[in-house]
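One structure is given below, encoded as structure tokens.
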Amino acid sequence: MTKKKIVLLDGNSLAYRAFFALPPLTNEHGIHTNSVYGFTMMLQNIIAEEKPTHLLVAWDAGKTTFRHKTFVEYKGGRQKTPSELSEQFPYLRKLLDAYNITQYELDQFEADDIIGTLSHIGDAEGTEVVIISGDKDLTQLATENTTVYITRKGITDTEKYTPEHIMDKYGIKPLQIIDMKGLMGDASDNIPGVPGVGEKTALKLLLEYGSIENVYKSLDQITAKKLNENLTKYEEQAYMSKELATIDVDSPITISIDELVYTGPDVDKLTSIYKELNFKTLLEKLAPQEVVEKPLDEIKVTIASDITEEQLTDTMAIHIEMMDENYLNAEILGIGLADADKTLFIDFSEVEKSAVLKEWLQNKDKKKYSTDSKAALASMARYGIHLEGIEFDLLLATYIVNPATSYTDVASITRELGYSEVQQDEFVYGKGAKKAVPSIEEIAEHASRKAQAVWKLRPVLEDKLRENDQYDLYRDLELPLASILGKMESTGVKTDKEILVGIGKELTLKLTDLEAMIYEIAGEKFNVNSPKQLGVILFEKIGLTPIKKTKTGYSTAADVLEKLESEHEIIRYILNYRQLAKLNSTYIVGLLKEIHEDGKIHTRFQQALTQTGRLSSINPNLQNIPVRLEEGRKIRAAFVPSEPGWSLFTADYSQIELRVLAHISQDEKLIEAFQQGADIHTRTAADVFGVEISEVTSEMRQSSKAVNFGIIYGISDYGLSQSLNIPRKDAATFISKYLASFPGVKQYMDDIIAEAKLKGFVTTLMNRRRYLPEITSSNFNIRGFAERTAMNTPIQGSAADIIKKAMIDMAARLESEGMKTRMLLQVHDELIFEAPEDELEKLKKIVPEVMESAISLDVPLKVEWEFGKSWYDTK
DNA sequence: ACGCTCACG
DNA sequence: ACGTACGTGAGCGTA
């Protein structure tokens with residue numbers, strides 16, 4: 001027989017905790033589910049870790065308790081429970097019911113008292129008891145047999161209060177926690193305590209006198225005048241506070257420990273509640289085989305050979321089927337085609353053989369509706385087939401309608417639109433080690449279904465785009481851009497392996513030295529790359545003071561280490577080691593792995609991913625190649641032109657986001673500054689500090705630069721204080737001065753938040769949308785985040801629109817000028833080309849011209865360019 | 001799989 | 001009551 005172990009949960013406290021720890025999730029009916037989800041995670045964790053034989057969730061009963069008789073205002077002034085949380089309580093009850101966990105509440109008593117009483121009984125029996133809550137008051141219940149787990153940051157992490165731990169932490173015994181609360185009070189429960197006494201003073205008094213009673217017996221020994229006065233004046237209040245903070249361990253409960261036996265969940269009930277709440281991952285874990293695919297409608301699949309012109313009509317939906325997501329090197333299995341009355345699958349070996357099909361693919365008068373046009377284009381290009389005539393792109397259309405949904409494969413996209421006739425790729429090909437090529441019949445059906453889905457969904461999406469006034473954005477910006485990006489990806493960037501290897505060797509040498517040095521100073525070997533091990537060395541062995549904590553321990557991030565640099569010599573070696581280790585692993589070893597046989601790196605641009613409209617770059621990411629520090633910048637020397645005698649040419653928009661802000665906000669001063677061509681940070685400094693331009697110091701300019709960044713991000717005093725390393729108050733002063741100097745910006749910030757609340761979304765200059773449902777949240781954090789997003793997205797997103805437009809114009813211009821220059825990369829506000837020597841002069845003229853006239857704003861756009869023999873040299 | 005750290009705009 | 005600047009991707013260690 002296993003040993004008895006009782007786990008007692010504080011239901012209300014944990015529900016709150018889960019609610020605030022998680023982002024707002026909802027099921028398809030808009031019911032909030034985050035608290036239930038978090039609670040479930042905690043519960044699973046507790047059951048797995050503690051393996052309780054007895055389990056109980058205690059709830060607070062109603063509004064009034066016996067404590068209100070002592071003090072009417074007990075728990076007064078509390079914010080009303082947010083409706084997003086209160087609507088979840090019935091589901092929590094149902095969940096626990098499905099788990100077969102006893103729930104208990106008692107009129108006039110709080111959950112604390114129920115827990116206290118039961119733990120008291122268990123303790124007397126000598127049974128092991130674990131109490132779990134977010135409320136530190138419960139630590140008063142810790143005994144030799146009873147441990148109190150208090151939730152920390154996150155939802156499953158807890159701090160375990162045993163009597164020893166409480167002694168270590170506060171220097172008092174568990175029951176003295178009550179005296180501590182009595183003296184210091186508790187704002188959240190509206191327990192007054194003694195004014196002027198906080199945690200420090202309370203602990204000092206208890207260390208000296210042991211209890212509130214003894215403090216008052218020895219009052220004349222307390223010489224601190226103010227403290228003595230307060231203690232004297234508020235004696236009655238101190239005793240009352242102690243009474244309020246005392247958990248009743250003898251409440252009149254009508255339940256016995258035997259009734260708490262935990263036998264495990266009712267899987268059927270659990271499945272039904274998980275379904276109701278849309279907990280997909282939990283459902284899968286519960287019974288992976290139970291998630292059955294609904295049978296699809298039958299379709300007629302034709303596996304074609306000897307393609308004829310008659311089979312290929314003027315307009316068809318097309319999908320290139322590949323097993324791997326990386327279409328730049330994945331094996332092409334075949335092509336699925338569909339129109340109104342048929343589907344067709346062509347095995348890739350047939351594609352290569354069929355001149356008729358190739359002709360059709362390359363004919364721009366034969367219209368194609370695709371699932372992902374960039375993938376289609378780039379994958380075909382590998383076989384010398386230049387796909388033309390793309391008229392529709394399912395991926396892009398869905399993304400423009402709402403960038404928030406996550407797009408993994410065609411099945412998920414179409415399901416989102418209420419169409420469920422396509423199977424998940426995972427289902428067809430298997431997952432992980434079980435991934436394998438199925439029969440040609442299966443592939444044919446899968447690819448045909450995808451093509452058919454595109455055919456059926458195109459009108460739906462086009463209507464939606466028109467309805468949202470986003471058809472132009474889709475048709476004139478994203479769709480043509482897809483082809484351009486496809487070409488850029490196919491072209492790739494020539495990368496000099498030798499240069500990377502050379503830098504790698506130097507780095508390895510330096511890293512070995514640094515490592516040895518660090519071990520010597522630390523007095524032992526450890527993994528410098530492990531924040532956990534490093535934390536132990538720095539903050540336990542060496543004894544430095546931790547400045548910041550993370551969920552899992554001490555933070556060892558660079559900003560923390562920099563603050564400790566003067567404290568110990570080891571820090572600078574660690575910082576240096578970190579910097580070089582990053583360069584070596586990500587940019588030397590990482591990039592070397594990505595060089596193809598053609599000596600080039602072919603990144604892929606994700607065009608339907610970011611929430612703002614920017615692109616992202618993967619496999620590898622070429623949008624974050626080091627530049628800020630010289631050591632890292634040298635990596636750029638490895639990126640070179642692919643033809644002898646050519647150069648790389650880079651052009652970047654100067655301050656595009658601030659210019660966009662000036663335009664959108666119509667702030668007169670900001671517009672004027674840009675029209676005059678002033679250095680914007682200096683100009684901002686002059687306005688904010690109220691001095692002449694000539695009097696602006698470099699510190700003033702630096703602060704203003706940080707404020708300008710902050711404004712773009714949706715400023716907060718905390719954020720600015722972190723970036724400038726100044727007190728929060730000073731940061732707040734800066735911000736208010738800035739907003740007073742630029743009233744148009746202030747007005748914009750207020751207006752955009754109001755607009756987002758009203759419409760539920762914000763838009764960019766070219767009508768890209770981002771929905772912000774969280775902007776009406778009653779949770780301060782979540783709402784604040786949404787508000788900053790509302791301020792930032794139109795700025796970042798409009799800048800993204802502009803450079804996308806510039807890319808389209810630039811590609812057209814290069815074409816019309818008959819130039820050989822190729823566009824290679826886009827890095828958010830920068831374009832990188834490779835060009836033959838004799839086109840450089842022309843580029844210097846047309847690149848700025850095209851980029852600067854991509855859009856007409858009320859401020860000029862400014863482009864700066866460079867060229868050189870490598871990316872490093874374009875500076 | 002997830003968190004931390006750090007590279008970029 | 002709670003912990004934050006906006007947007008990304010990759011490598012590593014740890015679970």
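Labels below follow one simple rule: chain letters A, B, ... track the order of the sequence lines, proteins then strands, and each chain is numbered from 1.
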Quiz item: Is the phosphate of C:dC6, meaning OP1 or OP2, less than 4.0 Å from a side-chain N or O of A:Thr793?
Solution: no

Self-check item: Residues A:Lys862, A:Glu864: salt bridge by 4.0 Å N-O rule
Solution: yes

Practice problem: Scan residues 573-582 of chain A against DNA chain C and write down, sorted by residue number, each residue with any heavy atom closer than 4.0 Å; if none is found, say none. | Solution: A:Lys582

Practice problem: Measure from the side chain of A:Ser723, starting at C-beta and using heavy atoms only, and say which of C:dA5, C:dG9, C:dG13 lies closest. | Solution: C:dA5

Quiz item: Is any side-chain N or O of A:Arg728 under 3.5 Å from a base N or O of C:dT4, one able to act as donor and the other as acceptor?
Solution: yes

Quiz item: With sugar-phosphate meaning primed atoms plus P, OP1 and OP2, does A:Ser721 contact a base, only sugar-phosphate, or nothing at under 4.0 Å between heavy atoms?
Solution: nothing

Quiz item: Contact class for A:Asn621 (heavy atom, under 4.0 Å): base, sugar-phosphate, or nothing?
Solution: sugar-phosphate

Exercise. Have a look at A:Ala706 and say if it touches a base, only the backbone sugar-phosphate, or nothing, with a 4.0 Å heavy-atom cut-off.
Key: base

Quiz item: Which nucleotide, C:dT4, B:dC8, C:dC2, lies nearest any side-chain atom of A:Arg17?
Solution: C:dC2

Quiz item: Is a side-chain N or O of A:Glu630 found less than 3.5 angstrom from the main chain of A:Arg628, in a donor-acceptor match?
Solution: no

Quiz prompt | From C:dG7, C:dG3, C:dA10, nucleotide with atom closest to A:Phe780 side chain | solution = C:dG3

Exercise. Establish whether the base of B:dA7 is bridged to the side chain of A:Thr586 by a donor-acceptor pair shorter than 3.5 Å.
Key: no

Quiz item: What nucleotide among C:dC6, B:dG9, C:dT8 has an atom nearest to a side-chain atom of A:Thr789?
Solution: C:dC6

